[in-house]
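The figures here come from the full heavy-atom set of this structure, side chains too, leaving out hydrogens, waters and symmetry mates. Naming convention: chains lettered A, B, ... in sequence-line order (proteins, then strands); numbering from 1 in each chain.
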4 protein chains.
Amino acid sequence: MDTFGTLFRVHIFGESHGECVGAVLDGVPPGLALNVEDFLPDLARRNPANLAGTTPRKESDIPHIKTGVFRGFTTGAPLTVLFYNRDVDSSKYEYLRATPRPGSADLTAKQKYCGFNDYRGGGHFSGRLTVSLVAAGVVAKKIVPEIRFCSEVVSAGGSKDVEKEVLRALEEGDSIGGVVECRAKGVPVGLGEPFFNSVESVISHILFSIPAVKAVEFGEGIKGAASRGSEFNDPIVSVKGAKATNNSGGIEGGISDGSDIHLKVYIKPPASIAKEQRTINLDTGKCVDVSVKGRHDACIALRAPVVVEASVAVALADLYLVKKAYERE
Amino acid sequence: MDTFGTLFRVHIFGESHGECVGAVLDGVPPGLALNVEDFLPDLARRNPANLAGTTPRKESDIPHIKTGVFRGFTTGAPLTVLFYNRDVDSSKYEYLRATPRPGSADLTAKQKYCGFNDYRGGGHFSGRLTVSLVAAGVVAKKIVPEIRFCSEVVSAGGSKDVEKEVLRALEEGDSIGGVVECRAKGVPVGLGEPFFNSVESVISHILFSIPAVKAVEFGEGIKGAASRGSEFNDPIVSVKGAKATNNSGGIEGGISDGSDIHLKVYIKPPASIAKEQRTINLDTGKCVDVSVKGRHDACIALRAPVVVEASVAVALADLYLVKKAYERE
Amino acid sequence: MDTFGTLFRVHIFGESHGECVGAVLDGVPPGLALNVEDFLPDLARRNPANLAGTTPRKESDIPHIKTGVFRGFTTGAPLTVLFYNRDVDSSKYEYLRATPRPGSADLTAKQKYCGFNDYRGGGHFSGRLTVSLVAAGVVAKKIVPEIRFCSEVVSAGGSKDVEKEVLRALEEGDSIGGVVECRAKGVPVGLGEPFFNSVESVISHILFSIPAVKAVEFGEGIKGAASRGSEFNDPIVSVKGAKATNNSGGIEGGISDGSDIHLKVYIKPPASIAKEQRTINLDTGKCVDVSVKGRHDACIALRAPVVVEASVAVALADLYLVKKAYERE
Amino acid sequence: MDTFGTLFRVHIFGESHGECVGAVLDGVPPGLALNVEDFLPDLARRNPANLAGTTPRKESDIPHIKTGVFRGFTTGAPLTVLFYNRDVDSSKYEYLRATPRPGSADLTAKQKYCGFNDYRGGGHFSGRLTVSLVAAGVVAKKIVPEIRFCSEVVSAGGSKDVEKEVLRALEEGDSIGGVVECRAKGVPVGLGEPFFNSVESVISHILFSIPAVKAVEFGEGIKGAASRGSEFNDPIVSVKGAKATNNSGGIEGGISDGSDIHLKVYIKPPASIAKEQRTINLDTGKCVDVSVKGRHDACIALRAPVVVEASVAVALADLYLVKKAYERE
């Protein structure tokens, strides 16, 4: 099910080497000023030019707004945005068809969809789909303009010297994982629900839909599991809930507490590497080594900050609208 | 919204010091043998008697099946199970009313619900509600009998010597966090969806609804963010998808790959400690120190394995039913 | 799936001859004054004493509020209400087990649930479940206090002389259908969505969940299908949308237009009659005649006005909360 | 919310005079043969050439499959289909901007969306959107190939002599309503749920999303409300549930009973007529008469059979997939 959200609902679709990818955004409030240019800065952050460790493929990241915007403003009707695919050469993927890449969805996709999946470039499983998430994030941020986001790669391959690590991996025909941190400032108190729609539940749900994300931590959650309450609990210092520390990452009991929402996303290394990896040939049943030719992202985490941020924005925009429904006049 | 699931749907309700807590389970297949005794082993695991670091409160963990079971079998209609609360003395919480415990939902709950929340013992935010999750897990496991679960506390307070750490924290009037590991064996290939309902998305959604969970990691996700692709990618060794390693935790591209689903849950230390903590008096607006009297769980992680396992079972049962809908005859 | 609603969500459960029926109401705003007495007037309307044509079974229509209310106000947490079943004698249904009543769910229930359904008194399919709907309606009305409802039986057995028709049917050991009209006054403009959540879609969805409802008409919909636009279109007479007539039943383009929402519900005659009806004996495969002994509702439409009204209230309360989420400050 | 369905989910979008309308279909099983030609017969039925009483606008009813189909088969990923708008002249709608047409969504749309709605040609409220429903129906029918549909206009303007009535209305510059009947044969036993997802609930939900539908009747529901049980109840004549009559329209207790699902949809006359109608000028606040120039559908019911049928197919396909999830091996 490619739908996320209760009131602000994001539906994404498309394939890496098909005609396009895109999103339908439902539940967008009417009257938000929105044009193509509004999308470009975040889209550019996802597709950094000349960045070592990212692929040079010139994806056409121009959003085509098809529905839901009229004379520069959202109408309240579903907003459809498409991104056409360009510069795709599917032929080079053919040799991979029988030899699923370790660490990829090649085999699970084939099994789940009985071989009918569009396997070219990862098809619907491709990171290309994150362009739809970024587009959704742009609209989400307009729904919650008081929230400001800041996101960055804080380590790659285990080191804070990200650029150096990426170059080394590239040279070795290898790839590396990374950690992305995201902070949302200005979040109102009271988003989220005690149980199944806790802020952590809703945000993690969408974050784990980003390909390659394998762990999500709120605040100092991992350190907290090794800590004492007297160290970890955040002292409250004002009747509105200001706190002396923010180990909880801005969420207490599943509810936003007014402090920054702060989280970390752990991203695995990309599956496509030049180095030989052991896999199976599905036609012959024999073990083979596969080496993925061409240039690929050595560190997908480099593109991820804006995708993480967009995902958090989508989740918060949805929770914000739900909260509004319960506001007392 | 206290509902989880697409086909197997769990609704939970109740308060710590109200009359009862419970669950309505909707979408339960008819014909599953089910009686009160089936619930007892898992319920006992959640409420370990005489375990240092857990509270001695004798909760009445007897499930009362109110609807949905007829002559020992599920009927296909909604299954309602109640747990009556016993042994509750709310008076001792009154002094906490104006002084929210740091690290708890006391203040966010009050703010979100405009002061109408039942604050006694944490009310609807209480860990008491996890008894409903455990009950849901018992039924979930009957939906996917081929999946076997095993869960345990792997560290507490940063140490593998869990018991010793817990006793030390107790002596100091403090609490400690812990890490729970869960493994699901026998998971069929093909559960989950590429994006918003990836296996990780669905499982993390329910796991983060467990109070005190602050991080969730699939496979070796955290180590993976510091690794190279050549180390992390799991070599495929059979046409059915058997792998030489399982760093991915049994999920590739959001889809179960047939290996064990393997995850870790990072649980923060409980908020209620005897040690004094700085907070605010909401009536006077002055900073005060609060010390939570009585005996409380020093390490809530000790009770968590069966809750984590139940949550994973609920998520997998739901994904399993969805998968069945798409099976080709 | 026994769940209705997007924000105000109603889950119902229970069986006619089981221990209880009830509802969990999720998404109830905090701070609504609510006690047991609030439920009694509407519950009494559903179960009219000494009314010819309704069964004398003294159902225990006392609501037991189990969760979600604290010191007389809703808390914002799920509200659970139970109704215990009394005065049930299941033995008299045993002879019906092999001979499904024509016009009932006896056979489809057995087929759908592979024989595991609780068949006693209709089980989960029973009209007894409408007590849960009425309870949900009581809470819904508190969410939209500005909306006033009025509902009545406008005909039975094709005649406006309802009481006479009912008595005649009773004498003949037969049953009759009826038509219930419901009007909601004071509905704000702008509820509903253009397509799948049109006001008509949402209201009809819940109305058709009431057992025995077989047609739903908004405004003068049936006459409208035989009319001309110049007769049917409602002239607009004020800039706020007041209209000279209300053939549309208060809904234009799926959106409430501020006029009364006006609808009719067509209810079939009850299946249980003393007159012999042809059916099949499932054990022998032979045609037999079945006569349902004892006293049964001769005209279930007599109990329906408050159930219809409650259902409309639930739908409008949900649409109202969704609308609030999009209000511009 | 422009989404319908639990497993087979239809999202529709677009505006009458915008660039396009379309649908994203999520939850489509992989491996269904599907190409552009498959859509054409049903699309042609919606847009009958040279039919008196329908507009001559040459809509471009060519489906553009953008995603979800690969080498002639559905992939299991979301299926996106677009229909570009052609032959639109919005200028002629400008004079209507301040004078909402009686019987239309002109005013409610403006009120709901605070004036930001695309009002040209009805915008997102237009009947043009039903092309998306028809497309969804084509795919739905492939999910349930054993079900055969047949639909027709059974009366218009109150007469069975449909063509004559339509011509008379046209001559008078007026419009007329009509009744569409739909029959689904070969429906498996056991679709639907006892309460909120009864077959009637789910089907009526989508039927009432079709613009101009104001009443829905299952089987002989309206006659049934004036009948006796001994007349209306359908005698059961085989252990599998075959019935001597089908007054229930193939649904007992909300569950399909294996007989034809049979329903009638009551459609109001179109709002746009040449005859003068009383309305308000929103700018001046004065009453005015409005006459809608140009050619418009005199009887929208003529186009409706395939739209009704598609909607029923979408509902049944969704219920069918849910049922499959619960099938016992």
So, taking the atom named NE2 in A/His205 and the one named CD1 in B/Ile206, what distance separates them when rounded to the nearest 0.5 Å?
12.0 Å

Only pairs of heavy atoms separated by less than 4.5 Å count here; which of B/Ser209, B/Gly253, B/Ala215 has the most with chain A?
B/Ser209

Out of curiosity, B/Glu276 CD to A/Ser230 OG, how far, rounded to the nearest 0.5 Å?
12.0 Å

Can you find a pair of side-chain heavy atoms, one from A/Pro194 and one from B/Tyr113, that are under 4.5 Å apart?
yes

Counting only heavy atoms closer than 4.5 Å, note whether B/Asp283 contacts chain A via side chain, backbone, both or neither.
neither

Heavy-atom distance under 4.5 Å to chain A: side chain of B/Ser159, backbone, both or neither?
neither

Measuring heavy-atom distances to chain A, does B/Lys268 have an atom under 4.5 Å in its side chain, in its backbone, in both, or in neither?
both

Is it the backbone or the side chain of A/Pro270 that comes under 4.5 Å from a heavy atom of chain B, or both, or neither?
backbone

Turns out that what part of B/Ser155 lies under 4.5 Å from chain A's heavy atoms comes down to neither

Counting only non-hydrogen atoms closer than 4.5 Å, does A/Glu231 touch chain B with its backbone (N, CA, C, O), its side chain (CB onward), both, or neither?
neither

What option among B/Lys264, B/Glu200, B/Glu217 has the most heavy-atom pairs under 4.5 Å with chain A?
B/Glu200

Which heavy atom of B/Pro269 sits nearest a heavy atom of A/Arg228, and at what distance?
CG-C, 3.5 Å

Considering all heavy atoms of both residues, which atom of B/Gln111 and which atom of A/Lys240 are nearest to each other, and what is their separation?
NE2-O, 3.0 Å

Answer with side chain, backbone, both or neither: which region of B/Glu220 has an atom nearer than 4.5 Å to a non-hydrogen atom of chain A?
neither

Among A/Asn281, A/Thr279, A/Thr99, A/Asp106, the one residue meeting side chain to side chain contact (heavy atoms under 4.5 Å, CB included) with B/Ile236
A/Thr279

Any idea which of A/Pro211, A/Gly285, A/Ser227 has the most non-hydrogen atom pairs under 4.5 angstrom with chain B?
A/Ser227

So for A/Ile251, is it side chain, backbone, both, or neither that comes closer than 4.5 Å to the heavy atoms of chain B?
both

Smallest separation among heavy atoms of A/His124 and B/Phe195, with atom names
O-CE1, 2.9 Å

Short question: side chain of B/Thr108, backbone of A/Glu252 - any donor-acceptor pair under 3.5 Å?
yes

Side chain, backbone, both or neither of B/Phe232 within contact of chain A (heavy atoms, under 4.5 Å):
side chain

With only heavy atoms counted, which part of B/Ser248 is less than 4.5 Å from chain A, the side chain, the backbone, both or neither?
both

B/Ile222 versus chain A, heavy atoms under 4.5 Å apart: side chain, backbone, both or neither?
both

Counting heavy-atom pairs closer than 4.5 Å to chain B, which one of A/Thr6, A/Val10, A/Asn247 comes out on top?
A/Val10

Contact winner vs chain A - B/Val199, B/Leu129, B/Val179, heavy-atom pairs under 4.5 Å
B/Leu129

Please look at A/Ser272 and chain B and tell me whether the side chain, the backbone, both or neither of the residue comes under 4.5 angstrom of a heavy atom of that chain.
neither

Given that the side chain runs from C-beta out, which part of B/Ser311 has a heavy atom under 4.5 Å from chain A: side chain, backbone, both or neither?
neither

Closest-packed option against chain B by number of heavy-atom pairs under 4.5 Å, given A/Gly229, A/Ala105, A/Gly158
A/Gly229

For B/Leu207, is it the side chain, the backbone, both, or neither that has a heavy atom closer than 4.5 Å to a heavy atom of chain A?
neither

Count the heavy-atom pairs under 4.5 Å between each of B/Pro235, B/Gly224, B/Ser204 and chain A, then report the option with the highest count.
B/Ser204

Look at B/Ala301, B/Ser238, B/Cys287 and state which one has the largest set of heavy-atom pairs under 4.5 Å with chain A.
B/Ser238

Please determine whether the number of non-hydrogen atoms from other residues, nucleotides or ligands lying under 6.0 Å from atom NZ of A/Lys223 exceeds 12.
no

Which heavy-atom pair separates B/Lys112 from A/Leu191 by the least distance, and what is that distance?
NZ-C, 4.4 Å

Taking all atoms of both residues into account, what is the closest heavy-atom pair of A/Val237 and B/Ile280, and its distance?
O-CD1, 3.4 Å

Centroid-centroid distance, A/His11 to B/Phe196, less than 6.0 Å:
no

Residue list, side-chain hydrogen bond (donor to acceptor under 3.5 Å, both in side chains) with A/Ser201, at least two apart or on another chain:
A/Ser198

Who wins among A/Leu282, A/Val216, A/Asp234 for the most heavy-atom pairs under 4.5 Å with chain B?
A/Val216

Could you tell me which of A/Ala225, A/Ala244, A/Gly103, A/Ser256 has the largest number of non-hydrogen atom pairs under 4.5 Å with chain B?
A/Ala225

Side chain to side chain donor-acceptor pair (under 3.5 Å) test vs B/Asn233 passes for just one of A/Gln277, A/Arg101, A/Arg278, namely A/Gln277

Heavy-atom pairs under 4.5 Å with chain B are the metric here; pick the option from A/Gly190, A/Gly221, A/Ser175 that has the most.
A/Ser175

